[in-house]
Amino acid sequence: MSIGPNFQLGLKDGIILCELINKLQPGSVKKVNESSLNWPQLENIGNFIKAIQAYGMKPHDIFEANDLFENGNMTQVQTTLVALAGLAKTKGFHTTIDIGVKYAEKQTRRFDEGKLKAGQSVIGLQMGTNKCASQAGMTAYGTRRHLYDPKMQTDKPFDQTTISLQMGTNKGASQAGMLAPGTRR
């Protein structure tokens, strides 16, 4: 079936979608409404959504009826159709057009008791390391820092409450009069 030049308008009545799921799993949608009225079209879309859920689609991959009907989120509609193609491919439906990614198959592993026991005492590299770093000398957020100039030949303070001018300055700028992000002007 041809969608036509406009993707949203071609699918809006839900007829093509119902025919699609009936092709993948015959009898999924018992009655396809051919009416041009809004309610029967929304019913077609709703029937399609129920049928793809029964077919095995994951809830986060499925668009809402208004995403298609009111042109709300056509990206989600496309995502649903690509995910449906991947699920159909996983279930063994073959076509000349290759679209969608086949779902991975579950691979169960069985380890003996000795392997499981040995694995409990190992810290995996994925957990990371701090490379001997610590928070010693860190100051609390909001603590005032004083400035000193290393060119003045004064001794560098030993505490963390002083900051060098080499670390940068705001050149006398302030945030006075700045508005919060998103505030109307």
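Bear in mind that the values here come from a model prediction, so they are computed numbers and not experimental data.
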Kindly list each side-chain donor-acceptor pair under 3.5 angstrom involving residues 24-37, sequence neighbours excluded, with atom names and distances?
from  : atom 1 : to    : atom 2 : distance (Å)
Ser28 : OG     : Gln25 : O      : 2.6
Lys30 : NZ     : Gly27 : O      : 2.9
Lys31 : NZ     : Asn33 : OD1    : 2.8
Asn33 : ND2    : Pro40 : O      : 3.4
Asn33 : ND2    : Glu43 : OE1    : 3.2
Asn33 : ND2    : Asn44 : OD1    : 3.4
Ser35 : OG     : Leu37 : N      : 3.1

Would you name the heavy atoms of [X] and [Y] that are closest together and state the gap between them?
X: Ala65; Y: Ile49; result: N-CD1, 3.8 Å
X: Met74; Y: Phe7; result: CE-CD2, 3.3 Å
X: Ile16; Y: Ser2; result: CD1-O, 3.6 Å

Spacing of [X] atom [atom1] and [Y] atom [atom2] [to the nearest 0.5 Å]:
X: Leu42; Y: Asp13; atom1: CG; atom2: CG; value: 11.0 Å
X: Leu87; Y: Lys58; atom1: CG; atom2: NZ; value: 7.5 Å
X: Ile45; Y: Leu17; atom1: CD1; atom2: CG; value: 7.0 Å

Practice task
Any pair with a residue in residues 67-86 that passes side-chain hydrogen bond (donor to acceptor under 3.5 Å, both in side chains), sequence neighbours left out, goes on the list, sorted by first then second residue, please.
Solution key: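 Checked against side-chain hydrogen bond (donor to acceptor under 3.5 Å, both in side chains) - neighbours excluded - no pair reaches residues 67-86.
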Exercise for the section: Please say whether more than 12 non-hydrogen atoms of neighbouring residues, nucleotides or ligands are located less than 6.0 Å from NZ in Lys50. Expected result: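 Not more than 12 within 6.0 Å, no.
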Exercise for the section: May I ask you to check whether over 12 heavy atoms, not counting those of Glu64, lie within 6.0 Å of atom CD? Expected result: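 Result for CD/Glu64: open.
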Practice task
Check whether any side-chain N or O of Asn66 sits under 3.5 Å from a backbone N or O of Phe69 as a donor-acceptor pair, and report yes or no.
Solution key: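 No; judged by distance alone, with no hydrogens or angles, the pair does not exist.
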Problem - Connected via hydrophobic side-chain network under 4.5 Å: Leu9 and Ile3 - result: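 Shared cluster, no.
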Problem - Step-by-step side-chain contact (heavy atoms from CB on, under 4.5 Å) determination, Leu84 to Phe48 - result: CA-CA 11 Å; Leu84 180 60; Phe48 169 75; 4.0 Å; yes
